[in-house]
Amino acid sequence: MRVRTYNDLVRNATGMNNLVNRYFDNVAHDYGRNGGSFEQPRTQELMLPLDVWATAEAFQVNAYLPGINPEDVEITFEGDLLSIQGKLPAAPEGAEFIKNELYHGSFARKLSFNVPVDAERIEAHFHNGLLTLTIPKAEAVKPKQIRIQTS
């Protein structure tokens, strides 16, 4: 008998969350699940895949944006919502594809934070098609060392 772990529960919850997000965000195509093939017109925007993790000091967000000029990516933070949007280069006009697996067109991603962050100190770096955002946590939520006093 297989013992279920906390990671199994989180993985299942994340899978269900992604499924619901795809349904309500009306994403045109899930490239990871469909092997990249495309059978319908590309009229809707791609939900930009992200890696997000937290350290004691900040949140880190990574996104692959190959072939994009960093000036063509719009990043905003309002309230507790981070938004990333832009457009991947268009396919050549009149091209007759043998394989059409790359996404061309608009992309967007919104990510909300349930922990206060210092929006004034958010940093964005772009190197070799990798967008890295560092989103510092607010001082109020950072771990603090409490010293024990002896008498």
Side-chain angles (χ1 to χ4, degrees), residues 4-143:
R4 295 222 169 243
T5 65
Y6 176 75
N7 285 341
D8 292 331
L9 176 65
V10 171
R11 192 174 300 110
N12 289 341
T14 301
M16 179 59 96
N17 183 41
N18 289 341
L19 178 68
V20 171
N21 283 342
R22 281 196 307 271
Y23 178 78
F24 286 109
D25 287 343
N26 201 17
V27 175
H29 188 68
D30 184 341
Y31 281 83
R33 298 188 87 188
N34 297 307
S37 62
F38 204 93
E39 299 174 5
Q40 61 190 23
R42 298 169 193 204
T43 58
Q44 298 167 328
E45 60 189 22
L46 174 73
M47 184 173 72
L48 182 67
L50 301 175
D51 278 347
V52 182
W53 66 94
T55 66
E57 299 293 316
F59 294 98
Q60 294 290 136
V61 178
N62 280 0
Y64 293 122
L65 297 172
I68 293 184
N69 187 345
E71 289 81 27
D72 296 334
V73 178
E74 182 181 325
I75 304 168
T76 58
F77 192 89
E78 185 175 350
D80 68 345
L81 189 66
L82 173 72
S83 298
I84 305 169
Q85 56 190 22
K87 193 170 189 175
L88 291 161
E93 185 76 26
E96 292 186 29
F97 290 97
I98 297 168
K99 271 203 172 292
N100 186 6
E101 296 180 346
L102 298 178
Y103 183 83
H104 306 279
S106 297
F107 65 85
R109 188 63 185 266
K110 295 180 189 294
L111 185 65
S112 62
F113 291 85
N114 61 352
V115 172
V117 299
D118 187 351
E120 298 298 319
R121 294 186 22 225
I122 294 175
E123 294 180 4
H125 298 280
F126 194 83
H127 181 68
N128 290 339
L130 176 65
L131 173 65
T132 302
L133 298 171
T134 303
I135 303 160
K137 292 180 182 177
E139 287 297 323
V141 297
K142 290 182 184 174

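Residue numbers start at 1 and run along the sequence shown.
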**OP:** Please report the closest heavy-atom contact between Asn62 and Trp53, naming both atoms and the distance.
**Re:** ND2-CH2, 3.5 Å

Subject >> Note, Ile84 side chain near Leu111 side chain (heavy atom, < 4.5 Å) >> reply: no

Original post:
Which heavy-atom pair separates Ala124 from Ile75 by the least distance, and what is that distance?
Top reply: CB-CD1, 4.1 Å

**OP:** With rounding to the nearest 0.5 Å, note down the distance linking CZ in Arg109 to CG in Leu82.
**Re:** 10.0 Å

**OP:** Quick one: pull up CD1 in Ile122 and OG1 in Thr134 and give me the separation to the nearest 0.5 Å.
**Re:** 9.5 Å

Original post:
Looking at Ile135 and Phe113, what are the two nearest heavy atoms and their distance?
Top reply: CD1-CZ, 3.5 Å

Subject >> From CZ (Phe59) to CG (Leu133), nearest 0.5 Å >> reply: 13.0 Å

Original post:
How far apart are the closest heavy atoms of Pro66 and Leu88, and which atoms are they?
Top reply: O-CD2, 3.9 Å

**OP:** Identify the two heavy atoms, one from Pro89 and one from Gly67, that lie closest to each other, and give their separation to 0.1 Å.
**Re:** CG-O, 3.4 Å

Original post:
Could you give the distance from OG1 (Thr132) to CG (Asp51), rounded to the nearest 0.5 Å?
Top reply: 10.0 Å

Subject >> Nearest-0.5 Å distance that lies between atom CD in Gln85 and atom CZ in Phe107 >> reply: 8.5 Å

Subject >> From Thr76 atom OG1 to Lys110 atom NZ, the distance as rounded to the nearest 0.5 Å >> reply: 6.5 Å

Original post:
Which heavy-atom pair separates Ala54 from Lys137 by the least distance, and what is that distance?
Top reply: CB-NZ, 4.3 Å

